[in-house]
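Please read the structure below before turning to the comments.
For clarity, every value in this text was computed on a predicted model and none was experimentally measured. Here is how names work: the chains are called A, B, and so on, in the same order as the sequence lines, proteins then strands, and each is numbered from 1.
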2 protein chains.
Amino acid sequence: MSKYHHGDVRNVLLREAETILRKEGPGGLSLRRLARLTGVSEAAPYRHFDGKDGILAAVAIAALERFGERLEETARCDLPHEERIVALGAAYVEFAIEHPQHFRLIFGRERPPLDQYPDLRDAADSVFDILQRSVTNLDQRGDMTLADAANAYNRALAAWSRAHGIATLVIDGMISPPLDQPLQQFVFGLLAEDLGIPASLQNTKK
Amino acid sequence: MSKYHHGDVRNVLLREAETILRKEGPGGLSLRRLARLTGVSEAAPYRHFDGKDGILAAVAIAALERFGERLEETARCDLPHEERIVALGAAYVEFAIEHPQHFRLIFGRERPPLDQYPDLRDAADSVFDILQRSVTNLDQRGDMTLADAANAYNRALAAWSRAHGIATLVIDGMISPPLDQPLQQFVFGLLAEDLGIPASLQNTKK
DNA sequence: TGAATATGTTAACATTATTAACATACATAA
DNA sequence: TTATGTATGTTAATAATGTTAACATATTCA
């Protein structure tokens, strides 16, 4: 009769960490509480993870993978280029709103240092690559000059910033999406406002 | 000969908190260390502030005021409307880069809850008002319809998101401004990319 | 002067991350 | 099978944190 666990303690810890994180964010995740909830001693997690940061890194990697899949799925859909960019931005923001704590863990200050967790860095780079490829549409353009490439990179950064800004402001409570409007519509409005604007931005009273 | 302090303990604490925050961020600010550095007992800060959040709120309010002044100064300068928007965005991003910890304290997850610190909420609202007024340029337009107003609000949000996204990505280390280019130029490039883009965004091979 | 208040102090409590020292299960080589 | 080593548990200790209680001294002002 073993009072010890049977091997998947690591996974149980991870799952429990997920649900705590979802409710209380990276700061609220306490190793001791996690251990208690998992029904394991307070030092046990250290056998499976490199301390608190180790657990956070593992959760962040999993989140980044889901995030990446979602973006890739959106990027694959058959749309004109501009609309694809808007759709990507919307998917980006929606992920942030649906999983604010994961989003914060991925991007925020409590993220474990990338240079200490190479797998985490890889996962993050991979997501950025998806964004960049989709926005600059490199696949269909093998004929770019160097200037074109620099420009494409800049466009990717700009599109990313746009979506990231909306996402961050919303989950930090500085912007509240209107309740009488589907979230998608709101996000699309903001993203399109940034993209399409020429007419509405002119203050020339024609 | 009084071994007690002489009244400005509150201000000394605030200044010391500022310098700690600047170096280590809101999470690294420990009340006990703050007290030790200030040369005061570990419980003294509680006589002047409502715990840790109280100190953070006070620092955040001061930071918001400086931030607001800077934005207002930029908004006052005599420029065409579009360029003013870009200049405002640049000022926004520059503040974030120069004072990343303050910026995080103002907007991030460690900000004391706005509904517990009304002064903090007021300070934040005031900054957003500056942004909104400048971007929508309400002063020169008393003749707006309701639709115009809604549109103007959306434009303000879009411009804000744009600047906020760049700022956040840069200070969280996801974007590194190129070293061989003045910061201003980089920011301007990104902001203009978002505003001006029609030509470069078309994938129609003319 | 004397009482109320503001501002200190020390000591305690509960919580946290982490590590050291020790114990048991399990796998594999003899 | 037995012996040994490694993986995985445990308990106990250390050092740090936010916060509060109980107490002490200044300051203010009726």
Check your understanding: Where is the tightest heavy-atom contact between B/Ile85 and B/Ala159, given as atom of each residue plus distance?
Key -> CG2-CB, 4.2 Å

Revision key, fill the gap. Taking for A/Ala44 and for B/Asp53 the nucleotide of DNA chain D with the nearest heavy atom, the one nearer the 5' end belongs to A/Ala44

Review point. What integer distance in Å separates A/Arg10:CZ from D/dT8:C1'?
Key: 14 Å

Review point. When you match B/Ala43 and A/Lys52 each to their closest nucleotide on DNA chain C, which lands nearer the 5' end?
Key: B/Ala43

Review point. To the nearest angstrom, how far is A/Glu42 atom CD from C/dT16 atom P?
Key: 8 Å

Point to revise | Test: B/Glu18 and B/Arg66 ion pair at under 4.0 Å | key: yes

Practice item. Just call it for A/Leu34: base, sugar-phosphate, or nothing, with non-hydrogen atoms closer than 4.0 Å on any strand. Key: nothing

Exercise for review: Respond yes when some side-chain nitrogen or oxygen of A/His48 is under 4.0 Å from OP1 or OP2 of D/dG9, and no when none is.
Suggested key: yes

**Study point:** Option passing side-chain hydrogen bond (donor to acceptor under 3.5 Å, both in side chains) with B/Arg33 (candidates B/Glu42, B/Glu24, B/Glu16)
**Key:** B/Glu24

Practice item. Record whether the side chain of B/Arg33 comes under 3.5 Å of the base of D/dA16 through a donor-acceptor pair of N or O atoms. Key: no

Review point. Within the pair A/Ser30 and C/dT16, is there a side-chain N or O less than 4.0 Å away from OP1 or OP2?
Key: yes

**Study point:** Heavy-atom pair with the smallest gap, counting every atom of B/Val93 and B/Ala163
**Key:** CG2-O, 3.6 Å

Point to revise | Nearest to side-chain heavy atoms of A/Ser41, which nucleotide of C/dT18, D/dG18, D/dT10 | key: D/dT10

Practice item. Identify which nucleotide among D/dA21, C/dT18, C/dT16 has an atom closest to any side-chain atom of A/Tyr46, counting heavy atoms from C-beta outward. Key: C/dT18

Check your understanding: Quick one: do A/Asp78 and A/Arg84 make a salt bridge, cutoff under 4.0 Å?
Key -> no

**Study point:** DNA chain C contacts made by residues 109-116 of chain B, counting heavy atoms under 4.0 Å
**Key:** none

Exercise for review: Check A/Phe67, A/Trp160, A/Phe107 against A/Phe128 for a ring pair (Phe, Tyr, Trp, His ring centres under 6.0 Å) and give me the one that passes.
Suggested key: A/Trp160

Practice item. Of all the heavy-atom pairs spanning A/Leu105 and A/Glu110, show the shortest one and how long it is. Key: CD1-O, 4.3 Å

Practice item. Return the value, rounded to whole Å, for the distance between atom CG of B/Asp8 and atom P of C/dA6. Key: 18 Å

Revision key, fill the gap. B/Arg32 atom CZ is separated from C/dA14 atom C1', nearest whole Å, by 11 Å

Point to revise | B/Arg36 side-chain N/O to D/dT17 phosphate OP1/OP2 under 4.0 Å | key: yes

Check your understanding: For A/Lys52 and A/Leu31, which heavy atoms make the closest approach, and how far apart are they?
Key -> N-CD1, 3.7 Å

Practice item. To the nearest Å, give me how far apart CG (A/Asp50) and P (C/dT18) are. Key: 8 Å

Exercise for review: With heavy atoms under 4.0 Å as the rule, sort A/Leu29 into base, sugar-phosphate or nothing.
Suggested key: sugar-phosphate

Review point. If you check every side-chain atom of A/Arg47, which of D/dT17, C/dT9, C/dA21 has the closest atom?
Key: C/dA21

Check your understanding: What is the distance from CD1 of B/Ile20 to C1' of D/dT17, rounded to the nearest Å?
Key -> 14 Å

Practice item. Can you figure out which of C/dT9, C/dA17, D/dG18 approaches the side chain of B/Leu31 most closely? Key: D/dG18

